[in-house]
Amino acid sequence: MARLKLGVLISGRGSNLQALIDAAADPAFPAQIAVVISNIADVQGLARAQAAGIPTAVVDHKAHDGRPAFESALTEALDAHQVRLVCLAGFMRLLTKGFVDHWRDRIINIHPSLLPAFKGLNTHERVLDSGVKFTGCTVHFVRAEMDEGPIVVQGAIPVLSGDTPDSLGARVLAVEHRIYPLAVKLVAEGRARVVGNAVRVDMPDGDHDTAAQTVVINPAG
Ligand code: GAR
């Protein structure tokens, strides 16, 4: 079967992009990266794509007169590569309703918290200040409201006493690198479908039973 064509939008380091590049290096992975687009030139993520032989483009928001013009240029670049699923991977621009509606149910994002908790920036600092005992990361379909939308996959980890934003962020990031390829795989295989505000995921019975048994308690006591 033809692999689903991805367009990955980045603004920086691109470690989640790298996780997708590594997953897609397996010919059995049901998606391939058709283009990587950054709104900032010379970021590490572009170098990662180039090293993997993936086409890249820079669509600089500052070079466009307003958000709709910037987003038209993004859609043009995505269409030029026949992209069918847009993956935001550390893409740090807010998107208008027009763009999000155009790509509705064909655009996903990764966010470093267990949404709907801790939308926005500086999540790990706010998690530590709040005293919650678990945090994690979320891949979700994108809606016009920031960090809103049907959730495809979440990964949860305990917050440890003594954690700093950096130590917590590093553990969350390692989980991000696992759940983003998984979410793309589920969407590409047609096993994750938006139903209302949720995503219904078709899972093998065995996996479902294992998940149903999973309990994590923190502190373990
Ligand atoms: C990741 O932690 C991602 O979840 C976060 O930016 C980082 C990008 O890292 N995204 C957001 O905060 C979006 N609201 P990366 O460039 O190494 O993938």
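Counting begins at 1 with the first residue of the sequence. In listed order, ligands and their atoms are each counted from 1. Since we're looking at a predicted model, the values are computed, not measured.
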- Within-shell test, G45 vs ligand 1, heavy atom, strictly < 4.0 Å: no
- Note on the structure: Filtering H177, M146, E176 for the heavy atom nearest atom 2 (O) of ligand 1 leaves E176
- Query: Which pair of non-hydrogen atoms, one from A89 and one from V8, has the smallest distance, and what is that distance?
  - Reply: CB-CG1, 3.8 Å
- Is it true that atom CG of D42 has more than 12 heavy atoms of other residues, nucleotides or ligands lying nearer than 6.0 Å? no
- Should we say atom CG of D26 is surrounded by more than 12 heavy atoms from elsewhere, each under 6.0 Å from it? yes
- Item | Nearest non-hydrogen protein atom, atom 16 (O) of ligand 1 | G14 N, 2.8 Å
- Going by an N to O cut-off under 4.0 Å, is there a salt bridge joining R171 and D166? no
- Between P165 and E125, what is the shortest heavy-atom contact and its length? CG-CG, 3.8 Å
- Kindly work out whether a path of hydrophobic side-chain contacts (I/L/V/M/F/W/Y, heavy atoms less than 4.5 Å apart) joins L85 to L182. yes
- How far is atom 9 (O) of ligand 1 from its nearest protein heavy atom, and which residue and atom is that? R13 NH2, 3.0 Å
- Query: What is the closest protein heavy atom to atom 14 (N) of ligand 1, and at what distance does it sit?
  - Reply: H111 ND1, 3.3 Å
- Task: Would you mind running through ligand 1 and noting each atom that sits below 4.0 Å from a heavy atom of G90?
- Result: 6 (O), 8 (C)
- Item | Polar atom proximity, N109 to ligand 1 (N or O, under 3.5 Å) | no
- Item | Least distance between heavy atoms, L88 atom then N109 atom | CB-OD1, 3.4 Å
- Identify, for atom 15 (P) of ligand 1, the protein heavy atom at the shortest distance, and state residue, atom and that distance. S15 N, 3.4 Å
- Item | Contact check, M92 vs ligand 1, heavy-atom distance below 4.0 Å | yes
- Protein residue, atom and distance nearest to atom 10 (N) of ligand 1, heavy-atom basis: I110 O, 3.7 Å
- Message: Over 60° means perpendicular and under 30° means parallel, so tell me whether F91 and F70 are parallel, tilted or perpendicular.
- Response: parallel
- Does any N/O atom on L121 come nearer than 3.5 Å to any N/O atom on ligand 1? no
- Item | Which of the ligand 1 atoms, numbered from 1, are nearer than 4.0 Å to a heavy atom of P112 | 4 (O), 5 (C), 10 (N), 11 (C), 12 (O)
